[in-house]
Amino acid sequence: MDKLLKPYNSQDTEDRIYASWEQGGFFNPDVCIQKGYTASDADYFSIVLPPPNVTGTLHMGHAAMLAIEDIAVRYNRMCGKRTLWLPGTDHAAIATQSKVETILYKEEGKRRHDLGREELLKRVEKFAQDSHDTIVNQVRKMGSSIDWSREAFTLDEKRNLAVRTAFKKMFDDGLIYRGYRIVNWDPKGQTTISDDEIVYKESKTTLYTFRYSKDFPIAISTTRPETKVGDTGVAVNPSDERYKHLIGKEYDITFAGVPIHVKIVADEAADPAFGTGAVGVTPAHSQIDWQIAQRHKLPIVPVINEYAKMADSTGTLAGKKVTDARIEIVEWLKKEDLLEKEEDVAHNIATAERTGATVEPLPKLQWFINVNKEFTLPYSNITGIASGSVTTLKELMRAVINNGQIKIIPDRFEKIYFQWVDNLRDWCISRQIWYGHRIPVWYKGEEIFCGMEAPTGEGWVQDEDTLDTWFSSGLWTFSTLGWPDMNSADLKNFHPTSLMETGYDIIFFWVARMVLMTTYLLGEIPFKTVYLHGLVRDAKGQKMSKSLGNLIDPLEMIKKYGADATRMSLIIGTGPGNDMKLSEDKVRGYKNFANKIWNATRFVLENVKDCDYSQKPILTEGDEKAIAEFEITLKDVTADIDNYRYYLAGEKLYHYFWHTFADVYIEQSKSRLSADKNSTDHISVQWTLLYILENCIRALHPFIPFVTEELWAMLPTHNKKMLIVESWPVVR
RNA sequence: GGGCGGUUAGCUCAGUUGGUAGAGCGCAACAUUGACGUUGUUGAUGUCAGAGGUUCGAAUCCUCUACCGCCCACCA
């Protein structure tokens with residue numbers, strides 16, 4: 001009790017409280033049942049933590065995620081549910097490997113091939129382990145009531161079993177296939193990437209209009225003249241009168257010293273209104289051109305290689321950087337008087353999300369997931385898709401949102417989700433990096449084998465590639481619960497998960513992929529509700545970044561102001577789907593709030609020493625009214641939490657406690673407390689003070705768990721059960 | 001090009017089914033040996049982006065416009 005005399009000190013409190021929660025086993029739903037805190041037949045509430053990448057440390061966005069999820073978890077635990085929050089981390093394949101490669105090059109001047117697969121993997125694993133340890137510590141510091149006994153990693157053995165099982169099933173169903181086609185190639189990362197891993201950057205460039213040769217009848221336009229040495233066709237619209245007579249004609253040309261053969265074809269893809277209405281077709285360097293080439297059986301001539309240099313087939317240009325080749329070709333065009341027009345245009349350049357390199361479209365043999373292929377779904381718990389019916393992955397992804405089984409908050413993101421699904425092409429899942437789940441496919445000559453283990457017999461070689469990291473994270477909500485063991489107790493008890501709380505920036509990367517994998521593999525939804533939070537920005541609304549120097553480190557805030565204050569500052573003032581602004585002042589403000597609760601409690605405890613709380617006395621009319629007013633707030637707050645309006649719930653509690661309970665009720669209680677001790681008024685005010693305080697502390701607990709837990713132990717109103725497993729206050 | 005969101009007090013934002021505007025911070029004045037100065041009390045400030053419409057009544061619903069931000073596609 002002596003410590004109440006000083007201001008609240010979060011540093012002396014938080015670690016100690018967290019340790020006693022952990023020792024009590026309260027984070028583990030099984031222990032809660034064993035110890036009688038939760039009824040074994042109670043309803044369940046489960047969240048699987050979006051696994052942070054093991055690429056370093058947590059930032060404020062993670063802190064916000066942890067705060068929101070912990071509120072949901074603590075609230076539901078207090079409501080008596082069997083509550084599971086399952087932690088884990090993500091190996092984040094490309095992100096982690098490229099980070100380690102950068103360090104390797106900086107510190108030792110070495111590249112991945114200097115070390116070899118095994119040695120590089122050792123380095124990456126060491127780095128990942130260190131990051132993991134840092135992250136786990138940070139998650140604890142935030143006060144997350146998360147079940148560490150169930151911790152998972154997207155690249156551990158159990159998840160690897162899940163990945164191989166999923167891959168094999170999709171392979172056997174013909175949904176995973178190997179195909180030679182144009183993929184997004186990252187020349188810096190030396191790997192393919194998916195469409196979603198591309199970031200478009202706007203820049204100015206020149207659009208050149210020219211002819212291949214003096215004799216060629218049509219002028220074409222391009223922003224990439226160097227790729228034109230790989231042209232094998234010119235496409236015109238079949239309805240275009242200007243060029244009708246030329247369709248089918250073929251030309252042999254020496255273009256910038258490189259012999260090319262070009263056929264004029266009719267294709268709807270050519271827009272008569274754009275440029276000259278004719279498209280130079282470079283099958284090896286453009287998705288659309290590739291498709292045109294397929295339709296007209298045009299040959300494919302490589303132009304650019306894996307190192308973003310001109311390919312061997314480009315004659316005198318071979319081995320040159322694309323930018324140099326471009327200059328050379330433009331000069332040649334000018335010299336030959338073939339260039340008809342140069343104009344500045346705004347253009348989007350495709351860059352790789354992780355490495356920043358300019359992405360080159362290249363034809364490659366890769367593994368894909370077919371999102372449009374029909375298959376039979378043996379079991380389905382999806383409304384509108386019967387067990388045993390024929391469907392597609394795209395259809396499944398649409399169905400569960402359409403039929404309302406999954407609710408996205410805020411709902412405007414449902415539209416964005418559908419837009420993505422509609423535009424979705426086959427998902428390229430193979431990556432030419434070493435850190436990740438190895439593709440479970442083996443080759444022997446022409447033979448291909450896909451299985452859980454290597455095939456028996458001599459001469460089988462496993463595919464060198466690994467899987468896109470989102471393949472394994474797509475399985476996260478059920479691979480962490482024991483799948484593919486269908487008898488797993490966790491899977492039965494906690495799936496589908498209740499809530500998926502994550503950033504809106506990964507709705508496509510992750511949320512959609514989880515839906516794809518879960519509906520396909522389990523015939524189930526992965527989660528009932530998706531709550532999307534926004535980005536944490538600085539006080540001016542700028543993105544936080546190292547280069548801007550406006551990063552706010554969660555650990556530093558926790559150290560200075562406490563985890564409680566940090567959590568409150570990340571909750572209040574921001575609804576779902578909106579970016580949140582954060583400043584140190586805001587965090588400081590909520591530190592004051594923790595202290596306010598602390599001091600209000602001190603005042604109450606000092607003045608109710610002789611109160612018999614177990615016996616509710618007859619209350620004055622005013623006190624009954626005060627309690628009723630509190631209960632209105634409580635009801636409101638409960639409804640807000642039930643409807644995922646955590647920001648409103650937190651603000652209402654804050655406001656009620658400070659400006660109603662402390663400023664009004666406690667203030668007016670002062671004169672009453674100094675009156676006759678045995679008067680009914682005195683007894684009434686004492687009891688009411690304790691009653692409202694106790695229930696405020698309960699209600700505040702999910703938001704500011706540490707200070708409330710600390711104060712709870714000092715209240716004379718209860719037996720010695722910890723607040724974390726106490727019940728949420730109910731309106732009488 | 002397609003779509004989404006925003007525009008409310010100096011700043012950050014609430015405003016959950018339409019009933020003539022709220023909170024925090026900031027600002028100003030006052031109070032204070034009193035649970036807390038990490039405090040309290042009082043106060044000022046808004047043609048709710050603009051225009052039109054529906055309605056007895058609109059910040060709230062509809063249409064259009066402007067500006068800001070974001071997402072998707074990517075046209076050679």
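In what follows, chains are A, B, ... by sequence order, proteins preceding strands, each numbered from 1. The structure presented is a predicted model; accordingly, all values stated were derived computationally and were not measured.
- For C74(B), the base has a donor-acceptor partner in the side chain of Asn348(A) [N/O atoms by modelled type, under 3.5 angstrom].
- In the set A35(B), C75(B), C72(B), the nucleotide with an atom closest to the side chain of Phe508(A) is C72(B).
- OP1 or OP2 of C71(B) has not a single side-chain nitrogen or oxygen of Tyr504(A) nearer than 4.0 Å.
- Remark: Arg181(A) qualifies as a cation-pi partner of Phe368(A) under the 6.0 Å distance and 45° angle criteria applied to the six-membered ring.
- The side chain of Asn423(A) lies closest to C72(B), out of A35(B), C74(B), C72(B).
- Atom name P, nucleotides G50(B) and A9(B): the rounded distance is 11 Å, in whole Å.
- Separation of the Phe661(A) and Phe657(A) ring centroids falls under the 6.0 Å cut-off.
- U20(B) sits 13 Å from C56(B) when the C1' atoms are compared, rounded to a whole Å.
- As rounded to the nearest Å, G43(B) and G57(B) have P atoms that lie 34 Å from one another.
- Taking the ring centroids of Tyr251(A) and Tyr212(A), they lie at or beyond the 6.0 Å cut-off.
- Ala639(A) comes within contact range of no nucleotide atom at all, as no heavy-atom separation falls under 4.0 Å.
- When each of Lys591(A) and Asp585(A) is assigned the nucleotide of RNA chain B bearing its nearest heavy atom, the one mapping closer to the 5' terminus is Asp585(A).
- Here the separation of U63(B) from U54(B), taken at their P atoms, is 15 Å to the nearest Å.
- No more than 12 heavy atoms of other residues, nucleotides or ligands lie within 6.0 Å of NZ in Lys407(A), so this atom counts as exposed by the packing criterion.
- For Ile288(A), the side-chain atoms get nearest to C74(B) when compared with the rest of C74(B), C4(B), U38(B).
- Crowding of Lys394(A) atom NZ: a count of heavy atoms from other residues, nucleotides or ligands under 6.0 Å exceeding 12.
- Nucleic acid contact for Lys670(A): base, since at least one base atom lies under 4.0 Å from a heavy atom of the residue.
- Using a 4.0 Å heavy-atom cutoff across all strands shown, Pro7(A) reaches at least one base atom of the nucleic acid.
- Residue Arg425(A) is classed as a sugar-phosphate contact, given heavy-atom separations below 4.0 Å to backbone atoms only.
- Between Tyr654(A) and His659(A), the ring planes are perpendicular. Angles over 60° get that label, and only those under 30° would be called parallel.
- With both ends at atom C1', the span from G19(B) to C25(B) equals 30 Å, rounded to whole Å.
- Ring centroid separation for the pair Trp687(A) and Tyr613(A) comes in under the 6.0 Å cut-off.
- Comparing G10(B) with U17(B), their P atoms are spaced 26 Å from each other, to the whole Å.
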| request: Mark up nucleotides 7-18 of chain B, 5' to 3', with B wherever a protein heavy atom is under 4.0 angstrom from a base atom, S wherever such an atom reaches only the sugar-phosphate, and - elsewhere. | output: -----SSSSB--
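- Between Phe255(A) and Trp332(A), the two ring planes are perpendicular [angle over 60°; tilted spans 30° to 60°].
- Base pairing annotation: U63(B) forms a Watson-Crick or G-U wobble pair with A51(B), both donor-acceptor distances under 3.5 Å.
- Ring geometry for Phe630(A) versus Tyr691(A): interplanar angle over 60°, hence perpendicular rather than tilted (30 to 60°).
- Atom OH of Tyr417(A) is separated from atom C1' of G5(B) by 21 Å (rounded to the nearest Å).
- Residue contacts shown for Ala278(A) are absent, as no nucleic acid heavy atom lies under 4.0 Å away.
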Restricting both atoms to N or O, compile the protein contacts to nucleotides 40-45 of chain B shorter than 3.5 Å, with distance only.
{"residue": "G40(B)", "atom": "OP1", "partner": "Trp658(A)", "partner atom": "NE1", "Å": "2.3"}
{"residue": "G40(B)", "atom": "OP1", "partner": "Asp663(A)", "partner atom": "OD1", "Å": "3.3"}

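- OP1 and OP2 of G24(B) both lie 4.0 Å or more from every side-chain N or O belonging to Arg588(A).
- Separating the CZ atom of Phe418(A) from the C1' atom of G3(B) is a distance of 15 Å, rounded to the nearest angstrom.
- Across C72(B), A23(B), C4(B), the shortest atom-to-atom separation from the side chain of His655(A) is found for A23(B).
- Taking the C1' atoms as reference points, C27(B) lies 16 Å from U12(B), given to the whole Å.
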